[in-house]
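Working notes, structure below.
Below, all heavy atoms of this structure are taken into account, side chains as well, without hydrogens, waters or symmetry copies. Values in this document were obtained by computation on a predicted structure and should not be read as measured data.
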Amino acid sequence: MARPRLQSDFSNGLLGELMPTGVTTIFFDGYETLFAGAMDKLHAMCGRIVREQELDMSAMDFFNTWDLSFFPLLRGETFYTMRQAHLISLERTLEKLDKRVSFEHYVDGLFDVFAEAPLYEDVKPALAGLESYRTGVISNADEDHLNIALRKNKLSFPVVVSSESARAYKPAPEIFHEGLRLIGSRPEETLYVGDSQDDDIVGSRRAGIRVAWLNRKGEDLKPDVPQPDYEISSLREVVGLVS
């Protein structure tokens, strides 16, 4: 279906046609949806590694090289926590670049940053308008840093599902199914809100859940990603979408 942008639809009087009917439950992604700056910090860490290890490549080249070792760990048959996947993949990446050095402190520092991540400014206003709905979080994250970030930002949800607790990563449908089981909701009455095309749009589709793609930067949809049910640029728009 088409990806309506809700701000323009308000002015055109079309919101009633676009609102998801029967929604009782709204799940949110964690990082880059609720919590800001995680990817910026990861890119900064890549720049630090390149400088300190005197690598002849850009920070982005290192990031992309690291990804080649990282993502297969999340998609394989053996489950690794997010921290384990970062440690294993960083070691493999540095070895490929002929750097056999101490590396654990890079990952420790990165996860400290994840735990300290601040909220986007639209999070609390949006949640304040959704108090009559069941809400939860489904995030590719470890239990410790995700829950620390929630506590530090004074957020409380009845259900918080991490990839560690579900033993599965988005876009696998199992992590969404675990959220539905814990909160007691059916897919057809649930809306998922997230920023990632590959994890959130694809994963929600696989789980049979409607999805609102949070496109803060006005990105184009990738050709191999299915159309989301809704496209929004701010979490504030979720309130108008379901109320």
Side-chain angles (χ1 to χ4, degrees), residues 25-49 63 66-67 70-71 73-74 78-91 102-128 130-131 133-172 174-183 192-196 198-200 203 214 216 234-236 238:
T25 305
I26 304 168
F27 277 108
F28 295 91
D29 170 50
Y31 291 91
E32 302 305 326
T33 296
L34 301 177
F35 304 118
M39 289 304 299
D40 290 340
K41 297 298 184 182
L42 178 56
H43 292 155
M45 179 63 71
C46 290
R48 177 185 167 192
I49 294 171
F63 173 80
W66 190 354
D67 270 357
F70 176 72
F71 279 107
L73 295 175
L74 303 191
T78 300
F79 179 82
Y80 296 98
T81 66
M82 190 67 73
R83 185 182 291 268
Q84 289 171 334
H86 276 81
L87 286 167
I88 295 169
S89 59
L90 180 56
E91 181 178 28
S102 175
F103 61 89
E104 292 86 352
H105 61 289
Y106 292 125
V107 174
D108 290 341
L110 186 61
F111 276 75
D112 288 343
V113 168
F114 290 164
E116 297 285 342
L119 296 178
Y120 282 101
E121 57 84 25
D122 56 2
V123 173
K124 290 193 174 180
L127 293 176
L130 297 171
E131 291 180 344
Y133 295 86
R134 292 179 292 188
T135 56
V137 174
I138 299 175
S139 180
N140 281 353
D142 289 348
E143 282 283 286
D144 55 358
H145 68 84
L146 176 59
N147 283 293
I148 291 171
L150 288 168
R151 288 196 302 271
K152 284 184 175 293
N153 287 290
K154 296 181 171 56
L155 290 184
S156 178
F157 293 90
V159 169
V160 175
V161 180
S162 69
S163 48
E164 183 178 13
S165 67
R167 309 292 290 180
Y169 287 96
K170 297 179 294 181
E174 289 81 4
I175 189 171
F176 296 93
H177 294 161
E178 178 67 1
L180 294 174
R181 183 186 71 81
L182 290 173
I183 209 166
Y192 189 80
V193 182
D195 72 291
S196 171
D198 298 305
D199 291 341
D200 299 329
L214 179 59
R216 296 186 187 276
S234 167
L235 290 178
R236 297 175 193 269
V238 177

Is [Y] close to [X] at the side-chain level, that is, under 4.5 Å between some pair of heavy atoms?
{"X": "H86", "Y": "W66", "answer": "yes"}
{"X": "T135", "Y": "F27", "answer": "no"}
{"X": "L87", "Y": "Q84", "answer": "no"}
{"X": "L90", "Y": "I49", "answer": "yes"}
{"X": "I175", "Y": "E178", "answer": "no"}
{"X": "I183", "Y": "F157", "answer": "no"}
{"X": "F63", "Y": "M39", "answer": "yes"}

Please report the interatomic distance [atom1]([X]) to [atom2]([Y]), rounded to the nearest 0.5 Å.
{"X": "M45", "Y": "D40", "atom1": "CE", "atom2": "CG", "result": "13.0 Å"}
{"X": "N147", "Y": "L155", "atom1": "CG", "atom2": "CG", "result": "11.5 Å"}
{"X": "L74", "Y": "K170", "atom1": "CG", "atom2": "NZ", "result": "12.0 Å"}
{"X": "D200", "Y": "D29", "atom1": "CG", "atom2": "CG", "result": "4.5 Å"}

(request) Identify which one of F71, Y80, F79 satisfies the ring pair (Phe, Tyr, Trp, His ring centres under 6.0 Å) criterion when paired with Y169. (result) F79
State, to 0.1 Å, how close [X] and [Y] come at their nearest heavy-atom pair, and which atoms those are.
{"X": "D199", "Y": "F176", "result": "O-CZ, 4.1 Å"}
{"X": "N153", "Y": "K124", "result": "O-NZ, 3.1 Å"}
{"X": "N140", "Y": "M82", "result": "O-CE, 3.4 Å"}
{"X": "S89", "Y": "A85", "result": "OG-O, 2.6 Å"}
{"X": "V123", "Y": "L34", "result": "CG2-O, 3.4 Å"}
{"X": "F28", "Y": "L130", "result": "CZ-CD1, 3.8 Å"}

(request) Please check if any side-chain donor atom of E143 sits under 3.5 Å from a side-chain acceptor atom of S162, or the reverse. (result) yes
(message) Could you check whether D195 and T33, counting side-chain N and O atoms only, form a donor-acceptor pair closer than 3.5 Å?
(response) yes
Are the side chain of [X] and the backbone N or O of [Y] linked by a donor-acceptor pair below 3.5 Å?
{"X": "S165", "Y": "V161", "value": "no"}
{"X": "S163", "Y": "A141", "value": "yes"}
{"X": "D144", "Y": "A115", "value": "no"}
{"X": "E32", "Y": "A38", "value": "yes"}
{"X": "Y120", "Y": "S234", "value": "no"}

(request) Step through it carefully: locate the ring centre of Y31, locate the ring centre of H145, and say whether they are under 6.0 Å apart. (result) yes
(message) Under the rule for side chain to side chain donor-acceptor pair (under 3.5 Å), what residues qualify as partners of D142, not counting sequence neighbours?
(response) none
(request) Please lay out, stage by stage, how R236 and E121 fare under the test salt bridge (Lys or Arg N to Asp or Glu O under 4.0 Å). (result) CA-CA 10 Å; R236 297 175 193 269; E121 57 84 25; 2.7 Å; yes
(request) Using the side-chain contact (heavy atoms from CB on, under 4.5 Å) rule, take E164 and L146 through it: C-alpha gap first, then chi angles, then the decisive distance, then the call. (result) CA-CA 10 Å; E164 183 178 13; L146 176 59; over 6 Å; no
(message) The criterion is side-chain contact (heavy atoms from CB on, under 4.5 Å); which residues satisfy it with D198, sequence neighbours excluded?
(response) S196, K222, V225
(message) With a 6.0 Å cut-off (strictly less than), is the heavy-atom count around NZ of K41, excluding the residue itself, greater than 12?
(response) no
(message) Test side-chain contact (heavy atoms from CB on, under 4.5 Å) on T25 and Y133; report intermediate values, then the result.
(response) CA-CA 6 Å; T25 305; Y133 295 86; over 6 Å; no
